[in-house]
Amino acid sequence: MRALRRCAVCGAAGAAKYRCPRCSAAYCSVPCCRTHRERCTPEPKREQEPSAAVPAPPADSPWSVDDILSEDDERDRVPLQKLKLLGESEELRALLLNPHLRQLLLTVDQAEDKSSLMKKYMQEPLFVEFADCCLGIVEPQEKENVLPE
């Protein structure tokens with residue numbers, strides 16, 4: 001298993017699970033990411049429609065999926081192409097406009113014990129709708145019990 005690094009923003013030891021795609025600085029959560037992003041040298045701004053899909057990182061980018069997942073998480077890896085579909089989903093974008101859902105997601109991201117919090121939130125209809133939407137995009141259900149014509 002890969003050792004976790006110290007967060008460059010808050011200094012939490014062994015908590016940094018993510019890296020900045022611009023400068024490779026390690027950080028541990030969404031608030032730390034936002035703080036770092038304000039300090040980090042910004043990329044040149046490009047005019048883009050708000051509904052356009054998020055572009056893929058450049059081929060020479062220092063960021064990789066390995067920066068997020070450890071060896072133990074390998075079985076949970078989703079191909080990058082399928083993850084890009086999440087950014088293209090209008091249904092998912094509409095759900096993420098809900099401030100209550102956004103707060104739930106921030107709370108999960110910042111939680112120490114994510115597993116028990118996820119169990120609790122999977123009882124929340126809004127969170128279940130979000131999870132179902134994400135899974136439906138990444139792993140579309142095959143039609144079962146359909147008779148051939």
Side-chain angles (χ1 to χ4, degrees), residues 1-2 4-22 25-40 42-43 45-57 61 63-149:
M1 186 175 196
R2 188 171 40 97
L4 297 177
R5 298 169 290 255
R6 178 178 295 275
C7 179
V9 178
C10 70
K17 296 184 256 182
Y18 313 102
R19 272 196 335 193
C20 174
R22 295 182 207 154
Y27 53 87
C28 64
S29 64
V30 170
C32 285
C33 174
R34 287 187 182 138
T35 302
H36 172 74
R37 192 179 310 152
E38 291 171 5
R39 298 179 193 160
C40 188
E43 293 178 341
K45 289 188 178 184
R46 293 180 288 186
E47 301 257 343
Q48 190 177 28
E49 291 182 31
S51 64
V54 177
S61 172
W63 180 87
S64 75
V65 177
D66 295 330
D67 294 328
I68 298 172
L69 296 176
S70 66
E71 292 170 12
D72 293 338
D73 297 325
E74 184 68 31
R75 67 178 188 272
D76 295 329
R77 183 176 288 197
V78 175
L80 189 57
Q81 197 62 27
K82 286 193 175 194
L83 289 176
K84 287 179 183 178
L85 295 174
L86 293 172
E88 298 169 3
S89 169
E90 291 300 321
E91 181 184 3
L92 185 57
R93 285 178 190 257
L95 281 173
L96 289 171
L97 292 175
N98 185 313
H100 180 62
L101 176 61
R102 293 169 70 115
Q103 185 57 51
L104 292 175
L105 294 171
L106 279 172
T107 304
V108 169
D109 183 59
Q110 296 168 351
E112 289 293 320
D113 185 12
K114 294 180 187 334
S115 178
S116 66
L117 193 58
M118 287 291 289
K119 287 178 186 173
K120 175 185 172 190
Y121 282 177
M122 286 307 287
Q123 304 303 312
E124 289 263 349
L126 179 61
F127 194 83
V128 172
E129 183 180 0
F130 167 76
D132 286 345
C133 180
C134 291
L135 286 173
I137 294 165
V138 174
E139 293 181 355
Q141 285 187 337
E142 295 178 18
K143 295 181 179 179
E144 294 180 8
N145 301 327
V146 176
L147 294 174
E149 292 183 24

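Just so we're clear, the structure is a prediction, and the values are computed from it rather than from any experiment.
Atom CD of Gln110 has more than 12 heavy atoms from other residues, nucleotides or ligands within 6.0 Å.
Contact check for Leu105 versus Val30: no side-chain heavy atoms found under the 4.5 Å cut-off.
For the residue pair Cys28 and Cys7, the shortest heavy atom distance occurs at N-SG, 3.6 Å. Smallest separation of non-hydrogen atoms from Leu101 and Leu95: CD2-O, 3.4 Å.
Among residues two or more places apart in sequence or in another chain, the side chain to side chain donor-acceptor pair (under 3.5 Å) test is passed with Ser116 by Asp113.
With hydrogens and angles disregarded, no donor-acceptor distance shorter than 3.5 Å links the side chain of Lys84 to the backbone of Gln81. The backbone N or O of Ser29 lies less than 3.5 Å from no partner atom in the side chain of Asp109, so there is not a single donor-acceptor pair. Panel note: side chain Arg102, backbone Leu97; no donor-acceptor pair is recorded below 3.5 Å.
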Margin query: If you apply the rule side chain to side chain contact (heavy atoms under 4.5 Å, CB included), what do you find for Cys32 with His36, and how did you get there?
Written below: CA-CA 6 Å; Cys32 285; His36 172 74; over 6 Å; no

Run the side-chain donor-acceptor check on residues 118-140: report pairs under 3.5 Å with partners two or more places apart or on a different chain.
none

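Applying the ring-ring contact (aromatic ring centres under 6.0 Å, His included) definition to pairs two or more places apart or across chains, none involves residues 90-115.
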